Structures are given as C-alpha cells and as structure tokens.
Amino acid sequence: MDAHYHPEIIEPEAQQHWEEKQIFRAVEDPARPKYYCLSMFPYPSGKLHMGHVRNYTIGDVLARYHRMKGFNVLQPMGWDAFGLPAENAAIANDVAPAGWTYANIDYMRGQLKRLGLAIDWSRELATCKPDYYRWEQWLFTRLFEKGLIYKKMATVNWDPADCTVLANEQVIDGRGWRSGALVEKRDIPMYFFRITAYAEELLAELDHLPGWPERVKTMQRNWIGKSFGVEIHFPLLPSPPGGGAGGEGRQQGEPGFEPPSVLKVFTTRADTLFGVTYVAVAAEHPLARQAAEGNPELTAFIDECKQGSVAEADLATMEKKGMDTGLVVYHPFTNEPVPVWVANYVLMGYGEGAVMAVPAHDERDFAFAEKYGLPVRAVIRPEGEASGVRRDADERDAPHASPLTPHLPYIEHGVLFDSGDFSGRTSAEAIDAMALVLKNLGLGEKRTTFRLRDWGISRQRYWGCPIPIIHCPTCGDVPVPDEQLPVVLPEDVKIDVGSPIKKMPAFYQCACPKCGGPAERETDTMDTFVESSWYYARYACPDNAGAMLDERANYWLPVDQYIGGIEHAILHLLYARFFHKLMRDVGLVTSNEPFANLLTQGMVIADTYFREAGDGKKQWINPADVETKDGVAVLKADGQPVRVGGAEKMSKSKNNGVDPQALIDQYGADTARLFMMFAAPPEQSLEWSDAGVEGANRFLRRLWKAVYEHVQAGIVQAYAGGELPPPARDFRRQLHQTIAKVSDDIERRKQFNTAIAAIMELMNALTKLEGADAATRSVKQEALEAVVLMLSPIVPHICRTLIKALKPGACMVGSPWPAADESALARDEIELMLQVNGKLRGKLRVSADAAREVIEAAALASPEVQKFMQGKPAKKVVVVPGRLVNVVV
RNA sequence: GCCCGGAUGGUGAAAUCGGUAGACACAAGGGACUUAAAAUCCCUCGGCCUAUGGCCAUGCGGGUUCGAUUCCCGCUCCGGGCACCA
C-alpha cells in the first residue's frame, strides 16, 4: 500500500477493473430481490454539468448501497437525444444535428465513466436511433387505431418574418428570438394523445404512491385540476313570457355558420350566478367573430388579441383588456340581458371559451369591471355575519366598487342574498339547487372538469421522431404499417430556417398503404417528451429487435428508485405515468405505475451573466469566464464589466452550466462525488460554489493515512467479543451508533450529507482513541473496515483500494453492508437537560433506567434549578424520558 | 398572475415525531513543526453586556404551547413549473 493517496492512479485502475470484469452487468434472476435504480437520462448538450454529477452520484450511492444489501441491481444509462438545441447548434456551427449529437454523446459518456458509476453500459440507448424510435412509432400506430391519438387544430407561436413555428423558449418579450418580429398566434393541425381519458386514473393513483414526495403529488393533483362545477347556458334570445328556455325549439343551423342558440359557460361558483354582470368570450369565439362583422374597432381588437405568445405565464401576466361586442345574452334565471364582452384573458382552448363574470366575487372579474366601469353586484356574504350588514342600501347593487364596498371582491364561500329563491342558502347548497333547476330548464347541468388538456405532440421541427402517418387524398390519415417501420429520419442534412425533411420529396413522397395511390408522409416530428416517457421500460430489453418490450420488462418494472430534478415534477413525470398506462392497456406491462419511489433532487443553480448585443439580444456568458474585481463582475478575457442576471438552474440556454471536468482532473472523481454529496441534502437546491472541495479532499487523505498507519502497524482480526478498556468500549458504542445512523440516512432519509458528517465524527474519534493493546487494535480494525465499507457507495475508488489493504483478498462490490451490533449500544448513564420555564439551566446525569420520580426529585434538588426557582413552588414538572426535565414555576 | 418549494453564524449546513440552536465542514485568526514554503497537527470562532454569569438570536409580524428552526395565520424576498427548453 502506498503511503500517499493518489486518485490519478487508483481511479483508472478501479474503473478498468469494473469494465473488464463487467461487474455491473445486470442479469435477470427471479431468485433474488431486484432493485432497479434509475436516474433521469441526460440531454447530450455537450458537457456534463454539476446537476448531472449530483443526479448520477445520488443514483450511484443508492445502487451500490442496495447491491451491498443483497439486491440484484440494475442501473442503466442512455441519452435523451432528440431536441431543439441540436438544431440551434447545427445552424450556429454548420454541422448536422445528428453528428453534433453523437459527438456529444461520445464525450459525455467518457465523462460519466470517469465518475466511476456502477452502470450496466451494455443497456445504453439513444432515443435518436431508429432501433429505439421505431417502437415509439409502432405504439403510435396502435394508439391511433384505438382512437387514443387524434388530430385537431391547436394554437402555436408563429414568427411572421421567418415563417416558422417557435417554441415558447424562442419567444422573448413577445418577439421571435432570431427575427425580432412580433409573434402571432396561429392555428395549425396537430396530433394529440388523449391523456384526458386517463385523467381520473392519473389523479386517483397518486394516492397509491407512498414513495413519492408529497409536494410532487400536490403539484400533479393541481395540474390535473379536477373540479366540480356547473355548465350554464345563457340563451341568446330572451325567454318568451310564461317561462321556458330561450332558444328552445329554434332550428339549429350547421355548426360554424349559424350561431348556437345558447352561450355555454363553465363555473365552479354557480352560487354567484345572480351576481353576473357580464359574460366574457375569447377572441376566437364564434360570437366574437359574429359581432366583429362590420365593426372595424372590434375587428382591430380581436386582431390585437392574436399578438403575443401562447405561453400561459405570458397570458396570465399581460394587461387584461376587453371590448363590448354590443351583443347580449339572457340570464337563465332572471331573463335580464347580460352584455357580452371579448376579453384577452379568456382562452378558447379552455372549457367553452367563455366565462360568466361576477366582479363582486372574483379578483380578476373585479379588476376588469373596475377598469371598464362595469357593475359590481354582491350576492354572497360570509357565513355567520348578520345579513343586514351586507344588505345596506349603500352596498347592494353597488354600480362600482367604491369605498362603500371595501370588502369586495369577497371570493370565499358564504351565504347567498339577493338571489331570488336561493337567498339564505349556503354556497354549497345553492350550487346543488341551482344545478337542479338549470337542468329542469334545459339550461345547464352539473359537470366535472379537468384542467388537464390533451397532449399535443406534433412539432414542426426536424430533429425528432417522425410521426408515422401517411396522408392520402382518398383514404385520409393512414398509419404506417408495421412492415414499413421504422420511418427513418434522414441524418445527413443541412439546417437553415425550417425543417429540411419538409423540403425533401424523397422523404415525404410515398404510396398510400391502403389504396396504393400517391400520398404524402407526415413531416412533423414528435415532442421529445414522448421518447422520455418510456425509455425506463426499454432499458429492460434494449436489444429486442422484434418487440417494443418483453418479459424482462415485467421482471425489472416498476423502477424501484427514480432520481431526477424537481423541474420535472409535472410534465415528464405525468407523461411517463400516462405512457405506462398506455403500454399496460396494449398488454406490454403488467404494473400500473412506472416509478415506485421518487427522489426529486434540488437544482444546482449558478449565477448568470450576459451582455447585450447591439440589437438588444442577450449573449450569455459562462460563470467560468467571469471574475469579480472590486465587487464588479468582469469578463476575464477583456476585463470589461458584464451584467448579472441572477442565479438560475444550470442550462445550455443561459450558458451557466459549470463543467465538473476541471474538478475531477484536479482532485479525482471520489472528491467530486464526496463533495457533492456532503454539500447539501439531495432535495435542497444548491447554489454552486467549489468552496469546500478542499475539505472533502482533505478528509479522503486523512482516511487514507489512518488506514495506512493501521496497516503499517499490522492488520489484525476485527473485534469479535471480549473485555474492552473503557475508551475502546465507548468508541465501539459510537461506531455502532454510526453504522445504524448511516444506514438509516442512506436507506430511509436519503440524507447523504449527515451520513458523511457522522462518519467524519467517527474518524475524528478514532484518531483520538489511544491504546495499542490487542483489544483496542481489534476495535480499530473493526471500525476502519466498517468506515471503508460505509463510504464505498459514495467514494468507491479509494474504498476499493483501502478494503484490499485492510482485508487482503476482499472484494469491495461483493462485501455486505456492515450491521449495527445492538449489544454495543447499551449505556449505563444518560444526560438530561434541565430547564426552568423552558430555559436551559443545567444538565443532570442519571442512570439509564431511573424512574420518573427519581429524575423529578433530582432535578428539583439540583443547584441550577434551585437558583432559578427563587424559592417559588414548582407549578408543574415536565419530564421527557431520555431528553429533559422542565420545571415550571 | 396561478400552482409548488425555500430562507438558520462570514460560507455550505445540522437539529429525523414540538424538547440542548449551530453537529460536520469551509473560510478567517492564533500557535506548533520547518532554514523557508507546502502539507500536517493544536487552539479560537453567532451577537451583545456590568463576562466563572446573563441577555438576545433560526427572513419579517402575530398566535398556539410548560417549551416553537419545527405547528397555525398574515407578509417579504429567492428558486422551480405553467403544457413547444429538457
């Protein structure tokens, strides 16, 4: 054994050994419990960043720990290889997206191997390879035939200068990122996955995922957004005298030409129906179009509504604008006319594209009514409040919000007033009663709705999985037959504005599989979320050329531990859950959910820096190229200041990813892994700083030295029983407490930082433990063996060398996890905290089995307590066993 | 704007079920060793005061409790997501 720690020698040695002996190759074995440990696969952006190191180290620690616990472990790796950045890089560097992607994969694979991860590389996959995406196309055609995929119009961001569709990320302040042109909304046909058909199950199954973080389940529940409400129809014509619903009996025209006889809205607050003072429709609503005919002002307003991006955050934060259409609809109960407004905040894609507005009881409606001078009519008061208070003449039917109505808008549930026969009922009662009456009138009914929308997967981009559909002028949309799959994406292309396959007749010209006539292939590609929705299953059988999945998938699935960034809490994780159910329902898997346990790692964030180019565009500068001089951030290259954009998650688009390579080159993979795990608990977000790396490296050197010195003095049998000198006995108690704590920290709490801290404490105690007698040395041997094994999932390379030195012939990856010896944990005496009125005043040593009365008496008699009682009698004495005594005076 | 998180010394953090606030580290300061440097080892290290003691202190303001970093209510700031970044 070398006297000094040389990671540059032992790390490549260990990695070469693991690779040559195929140590981490996973083989199905029904005789052993399996543990499928999966970290979210990376997008091959070019280089690893610290977020990857964190993600894959966490996964590796858990995989190696479970291997030591006797599980048959699978830890695979692959590449989420399709996506937008490859096209951007292709334009910037004049290369093909495929070549750029494969080069990045090669480089990043090398970086991952350099981290020493216990991965079964034989299962590696890349989503941009035809042997992967052909099965995605295969499943697509099945789902298309089952009606779970359909085509409809959808709104996208349109750059009128470049004539391209833009991703939300490519819209900056309402303008296209390249052209700078004002972005417009445009409707185009797209394919949709009918995820709403699974909304109920996706919601209900969240209650059966105890291994998922509560916050992720909450986010998904809110995203699915099941709500119970009422669909209400506002007749377009007043109901005739004597009752009956307006519009009934009128002839329905062809949809799209004749306006409907009622305006439908959906509301969760039907109880506020008597407070409606206007209804608002989306700019694309047929009523709005009808009103705009011959009304240039309204036409101009509707056109204005078309500007801007489709991103919900933009829609929600933009200024609320509206215009009166001049049309009215009639209140289903009072038959009063209600004005119809067009409003930019109402979206055609949600519900019916129309909302009833109750300014008195809704924040947004209230702001809108104030802005445009619309009436505010209060109809709900807090429960338990005297009705007279809200029924003052001043406040009832207040034409506007005013100092007289300071409580408005009142958005809580309550009791109705000024609501006809419904007055006096609670909100909940009124909703049921109103729904019943509306149903009898034929003007509405109770409805359950979901916020979740169907998943549009068409992308007008090149670098993605081709949608396997052929458009035939006579047969319509025909799925590509199995024997013609895969539809291969041509890789040797040149990229400029727009997708090259849309200009490639050799790609899109084809024969209709049904009638044989000339037809055209779909040139849109799929959303890259589709690939990442089922890769976890394909890892079970990546080599199967004849089927998407086979029985091996049911051996490994569900994933026992999934690890990835919290930023994926909703979209990716929901789509993957949905896909699992799709695959179940076509008979590919037997489980209901893909991921039994989920660990959402906090993001590694870093400062962003930029300079503005002449045209106002931001050029993002990597933090590695920036230094601080006299408190000012400057570019190292030219010493000139750069602008600070705040800390954000490491990403390619903000160029703030910190490459771990320099760290690994300088200190080795073990130091990088140890530091990353020690810096913070995994779920917490972490602002990157390498302050402290030195400390992690110092600990490994100390560990090496401790083992070296012990081995130099001669290795012995680890302690196996017998008398111990008191210091060795106390130390051994700490050792077994530490084993219990570290096991719990890794397995249950997944708090690697405290596990490492406990081992550091133990090592500090070991250094201080004196005595060269045989008994003490056997305890030291026991402790060093345990420490090295406990650290081996975190820092495997150094531990592999150290365990060989401590136990010649030992194999690290084959060694079992150390077990805590219960008998070593026993204590004779314990220390209790003494409090007077909740303040710490002293400490008390008592025997471990002391009775409550004995403890109480000892506490009251202690000088510290006496001093603070100042002769007053004790009102109460609280004894918390094993912890403290609190005397209340 | 809506949904979900977070905030503790100079810094990263710990306190696991309401019971010793600051474990373990980093940085800093002091010392030992050395011709010197590096490395290593030892000590100090939340603030204040009338200092062997005491008071204050876990983003801010309230509340519950014998006792609150932890629970409740109301804020502020920071991060993530918002359906075409992945």
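Not measured: the values here are computed from a predicted model. Just so it is clear: chains get the letters A, B, ... in the order the sequence lines come, proteins before strands, and each one is counted from 1.
- Checking the phosphate oxygens (OP1, OP2) of B/rG67, no side-chain nitrogen or oxygen of A/Lys875 falls inside 4.0 Å.
- Comparing A/Lys768 and A/Ile756 by the nucleotide of RNA chain B that holds the closest heavy atom to each, the one mapping nearer the 5' end is A/Ile756.
- Distances shorter than 4.0 Å separate none of the side-chain N or O atoms of A/Arg701 from OP1 or OP2 on B/rA39.
- Checked for salt-bridge contact, A/Lys320 and A/Glu370 miss the test: no charged N lies under 4.0 Å from a carboxylate O.
- Residue A/Met760 is classed as a sugar-phosphate contact, given heavy-atom separations below 4.0 Å to backbone atoms only.
- One can place NZ of A/Lys741 at 13 Å from P of B/rC24, the figure rounded to the nearest angstrom.
- Here, B/rC48 and B/rA39 have their C1' atoms 39 Å apart, quoted to the whole Å.
- The side chain of A/Val878 sits closest to B/rG19 out of B/rC85, B/rG19, B/rA27.
- A/Met526 comes within contact range of no nucleotide atom at all, as no heavy-atom separation falls under 4.0 Å.
- Each of A/Asp527 and A/Pro681 lies near RNA chain B, and the nucleotide nearest A/Pro681 is the one positioned closer to the 5' end.
- Under the 90° criterion around 0 for the glycosidic angle, B/rA51 counts as syn.
- Between A/Arg883 and B/rA15 there is no side-chain N or O to OP1 or OP2 distance below 4.0 Å.
- You won't find any donor-acceptor pair under 3.5 Å spanning the side chain of A/Arg702 and the base of B/rU40, going by distance alone.
- Comparing B/rG54, B/rA14, B/rC66 by their closest approach to the side chain of A/Lys867 singles out B/rG54.
- By the 4.0 Å N-to-carboxylate-O rule, A/Arg845 lies close enough to A/Glu829 to be salt-bridged with it.
- Closest to the side chain of A/Phe868, from the set B/rA39, B/rG54, B/rC85, is B/rG54.
- From A/Arg459, atom CZ reaches atom CZ of A/Phe529 across 9.0 Å, with rounding to the nearest 0.5 Å.
- The number of heavy atoms from other shown groups lying within 6.0 Å of NZ (A/Lys151) is above 12.
- A salt bridge links A/Lys502 and A/Asp524; the closest N-O separation between the charged side-chain nitrogens and carboxylate oxygens is under 4.0 Å.
- By the 6.0 Å and 45° rule, A/Lys152 stacks over the aromatic ring of A/Phe192.
- Nearest nucleotide to the A/Phe678 side chain, out of B/rC85, B/rC24, B/rA15: B/rC24.
- Between B/rC85, B/rG12, B/rU20, one nucleotide has an atom nearer to the side chain of A/Pro85 than all others, and that is B/rC85.
- A close approach under 4.0 Å does not occur between any side-chain nitrogen or oxygen of A/Gln835 and OP1 or OP2 of B/rU20.
- With a 6.0 Å radius and a threshold of 12 heavy atoms from other residues, nucleotides or ligands, A/Asp173 has its CG atom at or below the threshold.
- Under a cut-off of 6.0 angstrom, the local environment of CZ in A/Arg221 is crowded, with over 12 non-hydrogen atoms contributed by other residues, nucleotides or ligands.
- Contact check, A/Lys839 against B/rC56: a side-chain N or O comes under 4.0 Å of OP1 or OP2.
- Note: CG (A/Leu832) to P (B/rC66) measures 21 Å, nearest angstrom.
- Phosphate proximity of B/rA14 to A/Gln751: present, with a side-chain N or O under 4.0 Å from OP1 or OP2.
- Using a 4.0 Å heavy-atom distance criterion, A/Tyr345 is classed as making no nucleic acid contact.
- Regarding A/Phe752, its CZ atom lies at a distance of 15 Å from the C1' atom of B/rU16, rounded to whole Å.
- Nucleotides B/rU69 and B/rA15, compared at atom C1', are 8 Å apart to the nearest Å.
- Distance noted for atom P between B/rC41 and B/rA25: 11 Å (whole Å).
- For the C1' atoms, the distance linking B/rC55 with B/rU50 amounts to 12 Å, nearest Å.
- Taking the syn range as angles within 90° of 0, the glycosidic angle of B/rC77 is outside it, so the base is anti.
- Heavy atoms of A/Leu84 sit under 4.0 angstrom from primed sugar atoms or phosphate atoms, though from no base atom.
- More than 12 heavy-atom neighbours from other residues, nucleotides or ligands sit within 6.0 angstrom of NZ on A/Lys226.
- The side chain of A/Asn753 places no N or O atom within less than 4.0 Å of a non-bridging phosphate oxygen (OP1 or OP2) of B/rG12.
- Going from the P atom of B/rA38 to that of B/rG53 covers 39 Å, rounded to whole Å.
- Nucleic acid contact for A/Val216: none, since no nucleic acid atom lies under 4.0 Å from a heavy atom of the residue.
- A/Leu452 comes within 4.0 angstrom of a nucleotide base, judged by non-hydrogen atoms across all strands.
- As judged by a 4.0 angstrom heavy-atom cut-off over every strand, A/Ser458 is placed among the base-contacting residues.
- Contacts of A/Gly456 with the nucleic acid, taken as non-hydrogen atoms under 4.0 Å apart, involve only primed sugar atoms and P, OP1 or OP2.
- When each of B/rC26, B/rA86, B/rG53 is scored by its nearest atom to the side-chain atoms of A/Phe529, the top-ranked nucleotide is B/rA86.
- Relative to the ring axis of A/Tyr5, A/Arg701 does not place its NZ or CZ within 45° and under 6.0 Å from the centre.
- Look at CZ on A/Phe675: it is 11 Å from P on B/rC26, rounded to the nearest Å.
- Comparing the P positions of B/rU70 and B/rG61 gives an interatomic distance of 13 Å, to the nearest angstrom.
- In RNA chain B, consecutive stretches of 3 or more Watson-Crick or G-U wobble pairs with both distances under 3.5 Å are given as paired ranges: B:1-7 with B:76-82, B:10-12 with B:24-26, B:28-32 with B:40-44, B:46-49 with B:53-56, B:59-63 with B:71-75.
- Counting distance only, with no hydrogens placed and no angle test, the side-chain atoms of A/Asn222 and the base atoms of B/rC3 include no donor-acceptor pair under 3.5 Å.
- Taking atom CG on A/Leu700 and atom C1' on B/rU40, their separation rounds to 16 Å, with Å as the unit.
- Rounded to a whole angstrom, the distance from the C1' atom of B/rA68 to that of B/rU58 is 11 Å.
- In this structure, A/Thr196 contributes its side chain and A/Ala199 its backbone to no donor-acceptor pair below 3.5 Å.
- Within 4.0 Å of A/Val887, counting heavy atoms only, lies no atom of the nucleic acid at all.
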- Note on the structure: Its contact letters, B for base, S for sugar-phosphate only and - for none at protein heavy atoms under 4.0 Å, make nucleotides 73-82 of chain B read ------SSSB

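- Only the C1' atoms considered, B/rC78 is 23 Å distant from B/rC72, to the nearest whole Å.
- Under 4.0 Å is where a charged nitrogen must lie from a carboxylate oxygen, and between A/Glu214 and A/Lys217 at least one such pair does.
- Following rounding to the nearest Å, A/Leu663 (CG) and B/rC26 (P) show an atom-to-atom distance of 16 Å.
- Residue A/Thr317 is in base contact, counting any heavy-atom pair closer than 4.0 Å across all strands shown.
- The phosphate of B/rA23 has neither OP1 nor OP2 within less than 4.0 Å of any side-chain N or O from A/Asn764.
- Taking the syn range as angles within 90° of 0, the glycosidic angle of B/rG10 is outside it, so the base is anti.
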